[in-house]
Amino acid sequence: MPVKREYSSQLRAAQARQTRRVVVAAAARLFVAAGFGLTTIDAVADAAGVSRRTVFVAAGGKGELLKLALEWALVGDDDAVPLQDRPGVRAIGQLTDPQAIVAGFVAVVTESAPRVAELSQVLIAAAGADPEMRTLREEHLAQRWAGARAFVGHLARHGGLRDGIANDTAADIVWVHSDPGMYHRFVIERHWSHTQYVDWLRRTLAVQLLPAITGEPGVGPS
């Protein structure tokens, strides 16, 4: 009975996906609370309410768990759709006004920042002692720079870069200022509101990148 077998297969796939979500979510919570080094697979299994074997089958070891947690935090779900193909990023590509392009980029970055900031700090700490995590961090840094470079290229094509700044230099500026660590410092450590942080990042990038006639003075919190 092909229909029944297909239904059973879909049900198993849905159950496996849900188990994976639960396992990765549990691991993410533990990584933030205890750190990468002190989090064990047994602890993840207990927090997720599954067996140790199920953790490995569903997601893999600790490195894969942190990788998945970061990837899902960045895009907001576990769908197999890259960030560049997400509606928010694609919408930026349709913009032509430099101020709107900057605002669109900031909206995308700050939408994911609350989910990514603490896990990003976990990765930084883990990279200091674990070669696998060091490689993962280097990959994340390279991916973020590539995203910053694509944003700057789009901005430049619409006359949005001030005179005297090269695209790669502008990308470096964006790469640094949009780092999740900035959100962590301002919002989590210094207790800025999310709105203050969004406004700071938008105005900072406008001042740093846009021609002076369209830039906005002042970059501190209101």
Side-chain angles (χ1 to χ4, degrees), residues 70-76 81-124 127 134-190 192-222:
L70 279 163
E71 289 176 353
W72 295 0
L74 181 62
V75 297
V81 180
L83 180 62
Q84 62 268 24
D85 293 331
R86 298 280 172 153
V89 176
R90 292 177 68 87
I92 297 171
Q94 304 302 312
L95 299 173
T96 58
D97 174 71
Q99 288 279 7
I101 294 171
V102 170
F105 176 81
V106 169
V108 169
V109 169
T110 57
E111 191 276 331
S112 64
R115 299 190 300 267
V116 176
E118 291 187 308
L119 286 171
S120 180
Q121 297 299 111
V122 171
L123 179 59
I124 291 171
R134 189 175 306 119
T135 298
L136 179 60
R137 181 165 186 254
E138 290 170 355
E139 291 173 355
H140 273 248
L141 292 174
Q143 289 167 0
R144 282 206 320 102
W145 192 88
R149 185 61 174 77
F151 157 66
V152 165
H154 179 56
L155 191 63
R157 285 190 293 275
H158 295 284
L161 283 187
R162 61 180 172 81
D163 291 341
I165 183 170
N167 282 24
D168 281 0
T169 300
D172 289 342
I173 291 170
V174 173
W175 181 71
V176 168
H177 283 83
S178 62
D179 191 294
M182 287 294 209
Y183 184 91
H184 194 278
R185 291 183 181 89
F186 283 128
V187 178
I188 296 175
E189 296 179 33
R190 295 303 308 155
W192 282 24
S193 70
H194 182 81
T195 300
Q196 279 181 314
Y197 176 75
V198 171
D199 185 57
W200 169 81
L201 184 56
R202 179 185 59 80
R203 289 189 290 131
T204 297
L205 292 184
V207 169
Q208 292 286 324
L209 303 178
L210 301 184
I213 192 170
T214 58
E216 298 179 26
V219 297
S222 56

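All values below come from the heavy atoms of this structure, side chains included, with hydrogens, waters and symmetry mates left out. A quick note: this is a predicted structure, and the numbers were derived from the prediction, not measured.
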For the student: nearest non-hydrogen atoms of Leu119 and Ala73, plus distance: CD1-CB, 4.1 Å

Gap between atom CZ of Arg185 and atom OH of Tyr197 - 0.5 Å precision: 10.0 Å

Backbone of Val81 reached by a side-chain donor or acceptor of Arg86 within 3.5 Å: yes

Pairs touching residues 167-178 that satisfy salt bridge (Lys or Arg N to Asp or Glu O under 4.0 Å), sequence neighbours left out: Arg149-Asp168

Check: His154 side chain, Ile92 main-chain N or O, donor-acceptor pair, under 3.5 Å: yes

Euclidean distance, Leu209 CG relative to Thr169 OG1, rounded to 0.5 Å: 10.5 Å

Closest approach of Pro180 to Val116 (non-hydrogen atoms, all atoms of both residues): CG-CG1, 3.8 Å

Nearest heavy atoms of Gln99 and Ala206, plus distance in Å: OE1-CB, 4.3 Å

Within-4.5 Å side-chain heavy-atom neighbours: Pro98 and Leu155: yes

Backbone of Ala146 reached by a side-chain donor or acceptor of Trp175 within 3.5 Å: no

Over 12 foreign heavy atoms within 6.0 Å of CZ, Arg115: yes

Arg134 atom CZ, neighbour heavy-atom count above 12 within 6.0 Å: yes

Pair His194-Tyr183, side chain to side chain contact (heavy atoms under 4.5 Å, CB included): steps then yes or no: CA-CA 9 Å; His194 182 81; Tyr183 184 91; 3.5 Å; yes

ring-ring contact (aromatic ring centres under 6.0 Å, His included) contacts in which one or both residues fall within residues 81-106, not counting sequence neighbours: Phe105-Phe151

Heavy-atom donor-acceptor pair, Gln94 side chain to Ala91 backbone, under 3.5 Å: no

Distance, nearest 0.5 Å, that separates CZ of Arg137 from CG of Leu70: 11.5 Å

Inter-residue atom distance Arg144.CZ - Ser120.OG, 0.5 Å rounding: 7.5 Å

For Val152, side chain to side chain contact (heavy atoms under 4.5 Å, CB included) partners two or more places apart: Leu161, Asn167, Ala170, Ala171, Val174

Arg202 versus Val106, closest heavy-atom pair with distance: CA-CG2, 3.8 Å

Rounded distance (nearest 0.5 Å) linking atom CZ of Arg203 with atom CD of Gln208: 13.0 Å

Gap between atom OG1 of Thr135 and atom NE2 of His140 - 0.5 Å precision: 11.5 Å

Closest approach of Val187 to Ser193 (non-hydrogen atoms, all atoms of both residues): CG2-O, 4.2 Å

Check against side chain to side chain contact (heavy atoms under 4.5 Å, CB included), Thr96 and Ile101: CA-CA 7 Å; Thr96 58; Ile101 294 171; 5.7 Å; no

Residue pair Ala100 / Leu95: nearest heavy atoms and the distance that separates them: O-CD1, 3.4 Å

Parallel, tilted or perpendicular: rings of His177 and Trp200 (30°, 60°): tilted

